[in-house]
Amino acid sequence: MEPKIIVHGGAWDIPDEHVSDHVKGVHHAVETVAPLLRQGMTALEAVERAVNLLEEDPTFDAGRGAFLNAEGNIELDAMIMDGESLDFGCVAAMRNLLHPVSVARKVMDSKDFRFLVGEGAMRFAMNNGFSELPPEELLTERELTFFHSIKNDQSFSQIEAFSGRSDTVGAVALDENGNLACATSTGGTPRKHPGRVGDSPVIGSGGYADNETGAASSTGYGETIMRVVLCKTACDLIPDRGPAEAANRALEILHRKGKGYGGLICISPEGNYGFAHNTPRMAYALAQGHDVRADISVK
Ligand code: ASP
């Protein structure tokens with residue numbers, strides 16, 4: 001089986017001046033991880049590694065560069081899922097960590113639970129060798145300025161703000177053994193209510209992986225994505241329609257039934273890619289043989 005990987009770096013009206021940072025970021029993730037996959041890295045390791053790179057990149061709303069919540073704090077959510085076992089790990093409402101997706105990976109390996117939130121998730125992370133960083137290590141000037149511009153704006157609406165910006169990251173991979181995996185990581189939506197959790201860490205909504213059907217990762221306004229369980233919906237459509245049409249159809253369902261906007265990436269068990277968005281632009285990169293295609297898809 002030829003290994004494959006596709007990543008996304010948000011779906012929104014990415015302004016021209018941010019295009020090159022987005023393309024560079026997603027390109028770097030695939031360029032780094034695709035050769036490792038070809039050397040035998042598992043799909044699960046590959047999606048974690050790719051998302052780690054995107055979390056480190058301040059361009060995106062994940063790890064470094066995350067949006068601030070209504071109280072001016074960073075709260076992070078992430079998930080990872082293995083398509084062979086259907087096992088998964090999820091974390092939500094975590095403070096100031098560079099790699100929440102790696103905490104989710106550790107949660108997946110734990111004996112008694114698969115989804116941890118808030119204080120309990122932080123305690124689990126600290127007990128497993130992760131460190132809470134000083135907020136200034138994750139906070140960017142861009143987000144601080146944005147936060148101050150919307151902090152006291154009474155007309156500010158989550159939905160409108162969302163259609164403005166959505167920089168969640170995700171990765172989907174197929175390894176040489178035919179196993180699929182997905183991972184997604186986010187700082188959520190700007191000025192979100194403390195404790196608000198969107199779709200990204202929720203199995204089926206922010207990501208899904210099943211060796212029999214396919215794997216997917218999404219980005220978009222979480223409150224609407226959860227209505228249609230977007231990634232599971234896309235994966236269920238892959239066997240009959242193929243990944244490209246499945247992605248389009250799932251997005252059509254998000255728009256028609258969920259009244260939502262966003263984007264998703266997916267891979268079929270045979271290693272074919274699909275991606276779709278109903279936002280003006282989406283940043284993505286994928287491995288094609290030894291080449292990397294990184295681009296902004298335009299609607
Ligand atoms: N899906 C994320 C959330 O609602 C936001 C995003 O994709 O940018 O938390």
Side-chain angles (χ1 to χ4, degrees), residues 7-15 18 22 25-26 51 54-55 57-70 73-80 90-94 100-101 104 115 117-118 140 142-143 146 150 157-172 182-208 216-234 247 250-251 254-255 258-265 275-284 297:
V7 307
H8 68 80
W12 56 295
D13 196 4
I14 302 166
H18 295 178
H22 279 74
V26 290
V51 168
L54 295 164
E55 289 171 331
D57 188 328
T59 305
F60 305 106
D61 170 33
R64 181 172 292 129
F67 293 144
L68 294 172
N69 72 7
N73 297 318
I74 286 174
E75 277 189 345
L76 304 163
D77 311 327
M79 65 81 74
I80 190 162
C90 310
V91 292
M94 300 199 80
V101 77
F115 201 154
V117 304
T140 58
R142 178 195 66 221
E143 290 316 319
F146 183 51
I150 59 174
S157 126
Q158 284 289 328
I159 298 183
E160 279 159 24
F162 172 77
S163 53
R165 294 184 59 193
S166 157
D167 267 329
T168 290
V169 303
V172 176
C182 70
T184 306
S185 183
T186 190
T189 48
R191 214 183 81 174
K192 64 186 178 184
H193 194 285
R196 176 268 184 192
V197 177
D199 61 304
S200 304
V202 176
I203 290 304
S205 291
Y208 199 74
S217 167
S218 70
T219 177
Y221 188 50
E223 280 69 7
T224 63
I225 288 178
M226 287 188 281
R227 288 179 180 154
V228 298
V229 199
L230 185 63
C231 287
K232 175 75 161 71
T233 297
L251 255 295
L254 171 67
H255 191 242
K259 312 265 179 280
Y261 291 90
L264 73 84
I265 53 172
F275 61 88
H277 54 106
N278 61 357
T279 51
R281 292 176 165 183
M282 179 166 93
Y284 74 96
S297 169

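For ligands, and for the atoms within them, numbers begin at 1 and follow the listed sequence. For clarity, every value in this text was computed on a predicted model and none was experimentally measured.
Between G198 and ligand 1, no N or O atom pair is found at a separation short of 3.5 Å. The shortest N or O to N or O distance between T168 and ligand 1 is under 3.5 Å. Of the N or O atoms in R196, one or more lie within a sub-3.5 Å distance of an N or O in ligand 1. Of the N or O atoms in D61, none lie within a sub-3.5 Å distance of an N or O in ligand 1.
H277 and S297 share a donor-acceptor pair across their side chains, judged by distance under 3.5 Å alone. Defined by atom type and a distance below 3.5 Å, a donor-acceptor pair is missing between the side-chain atoms of T184 and S200.
By the 4.5 Å heavy-atom criterion applied to side chains, V7 and L54 are counted as neighbours. By the 4.5 Å heavy-atom criterion applied to side chains, V202 and M226 are counted as neighbours.
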For S185 and M79, run side chain to side chain contact (heavy atoms under 4.5 Å, CB included): C-alpha distance rounded to whole Å, both residues' side-chain angles, the deciding distance at 0.1 Å, then the answer. CA-CA 7 Å; S185 183; M79 65 81 74; over 6 Å; no

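Annotation for ligand 1: atoms under 4.0 Å from non-hydrogen atoms of S166 are 6 (C), 7 (O), 8 (O). Each of the atoms 5 (C), 9 (O) of ligand 1 lies under 4.0 Å from some heavy atom of G188. Per-residue contacts place T219 under 4.0 angstrom from the following atoms of ligand 1 (heavy atoms of the residue considered): 6 (C), 7 (O), 8 (O). When each atom of ligand 1 is checked for a heavy atom of S200 under 4.0 Å away, the hits are 1 (N), 2 (C). Interface of D167 with ligand 1, defined as ligand atoms under 4.0 Å from a residue heavy atom, comprises 8 (O).
From D61, atom CG reaches atom OG1 of T186 across 4.0 Å, with rounding to the nearest 0.5 Å.
Note on ring orientation: taking the six-membered ring where Trp is involved, the planes of F60 and H22 are perpendicular (angle over 60°, cut-offs 30° and 60°).
For the ligand labelled ligand 1, residue G10 lies outside the 4.0 Å heavy-atom shell.
Salt-bridge check for E143 with R64: failed, with every basic side-chain N at 4.0 Å or more from each acidic carboxylate O.
For atom 5 (C) of ligand 1, the candidate residues are G262, A92, G263, G220; the nearest heavy-atom contact is made by G220. For the residues D199, V202, T186, the heavy atom positioned nearest atom 3 (C) of ligand 1 is part of D199.
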